[in-house]
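For reference, positions follow the sequence shown, starting with 1.
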Amino acid sequence: MRDLALNPGGTLHAGALGAILELQGFLTLLPELADDEHAVTHHISTQLLSPGQRDEEVLVTAVLERRTRRLGFVSATATVGDRLVARSQITKSVIALR
């Protein structure tokens with residue numbers, strides 16, 4: 001992580017981390033969407049567990065837990081090595097494209 005993602009204390013900015021977790025959640029659900037579908041976040045719960053430090057590589061991964069006709073449930077995590085930095089539970093509404 002570099003300067004733009006850091007807060008004044010030199011750790012990963014919570015807003016930047018939240019955005020990355022949410023984006024990874026969308027990208028994880030994306031292959032399950034039909035050509036005429038899109039997904040929007042209607043609920044996200046994120047726990048910040050450990051600060052990411054300057055020059056650490058943060059790995060963000062996500063798993064699609066369940067997909068229904070109109071919802072997608074995704075779990076996302078951010079880690080540095082074996083250390084859990086944050087985790088999110090994301091609920092996506094699947095909507096029709098017009």
A.B. asks: Show the numbers, then the answer: is there a side-chain contact (heavy atoms from CB on, under 4.5 Å) between Leu59 and Val80?
C.D. replies: CA-CA 6 Å; Leu59 176 65; Val80 173; over 6 Å; no
A.B. asks: Running the 4.5 Å side-chain criterion over Ile, Leu, Val, Met, Phe, Trp and Tyr, what cluster does Leu84 land in, apart from itself?
C.D. replies: Leu49
A.B. asks: May I ask whether Leu29 and Phe73 are part of the same hydrophobic cluster, defined by side-chain heavy atoms of I, L, V, M, F, W, Y residues being less than 4.5 angstrom apart, directly or through others?
C.D. replies: no
A.B. asks: Could you give the distance from CZ (Arg54) to OG1 (Thr11), rounded to the nearest 0.5 Å?
C.D. replies: 10.0 Å
A.B. asks: Hey, are the side chains of Thr91 and Ile44 touching, using non-hydrogen atoms and a 4.5 Å cut-off?
C.D. replies: no
A.B. asks: What salt bridge (charged side-chain N to carboxylate O under 4.0 Å, His left out) pairs are there with at least one residue in residues 83-93, not counting sequence neighbours?
C.D. replies: Glu22-Lys92, Glu56-Arg83
A.B. asks: What's the spacing between Ile20 CD1 and His13 NE2 if we round to 0.5 Å?
C.D. replies: 11.5 Å
A.B. asks: Clusters formed by hydrophobic residues whose side-chain heavy atoms approach within less than 4.5 Å: which one holds Ile95, and what are its other members?
C.D. replies: Val40
A.B. asks: Enumerate the ring-ring contact (aromatic ring centres under 6.0 Å, His included) contacts for residues 15-64, please, sequence neighbours excluded, ordered by first and then second residue.
C.D. replies: Phe26-His38
A.B. asks: I want to check something: taking the side chain as every heavy atom from C-beta on, are Arg66 and Thr68 in contact at a cut-off of under 4.5 Å?
C.D. replies: yes
A.B. asks: For Val63 and Val74: C-alpha separation, side-chain torsions, deciding distance, then whether side-chain contact (heavy atoms from CB on, under 4.5 Å) applies.
C.D. replies: CA-CA 6 Å; Val63 173; Val74 179; over 6 Å; no
A.B. asks: Test side-chain hydrogen bond (donor to acceptor under 3.5 Å, both in side chains) on Gln89 and Ser75 and set out the steps.
C.D. replies: CA-CA 5 Å; Gln89 295 295 103; Ser75 297; 2.8 Å; yes
A.B. asks: Salt bridge (charged side-chain N to carboxylate O under 4.0 Å, His left out): which pairs involve residues 39-49, sequence neighbours left out?
C.D. replies: none
A.B. asks: Is Leu23 reachable from Leu17 through a run of I, L, V, M, F, W or Y residues, each pair having side-chain heavy atoms under 4.5 Å apart?
C.D. replies: no
A.B. asks: Output all residues satisfying side chain to side chain donor-acceptor pair (under 3.5 Å) with Thr28, sequence neighbours left out; order by chain, then residue number.
C.D. replies: Gln24
A.B. asks: Check for a donor-acceptor pair, side chain of Arg69 on one end and backbone N or O of Leu71 on the other, with a separation under 3.5 Å.
C.D. replies: no
A.B. asks: Looking at Glu37 and Arg67, does any basic side-chain N land under 4.0 Å from a carboxylate oxygen?
C.D. replies: yes
A.B. asks: Any chance you could lay out the side-chain contact (heavy atoms from CB on, under 4.5 Å) test for Val60 and Leu21, step after step, and finish with the verdict?
C.D. replies: CA-CA 7 Å; Val60 177; Leu21 287 161; 3.8 Å; yes
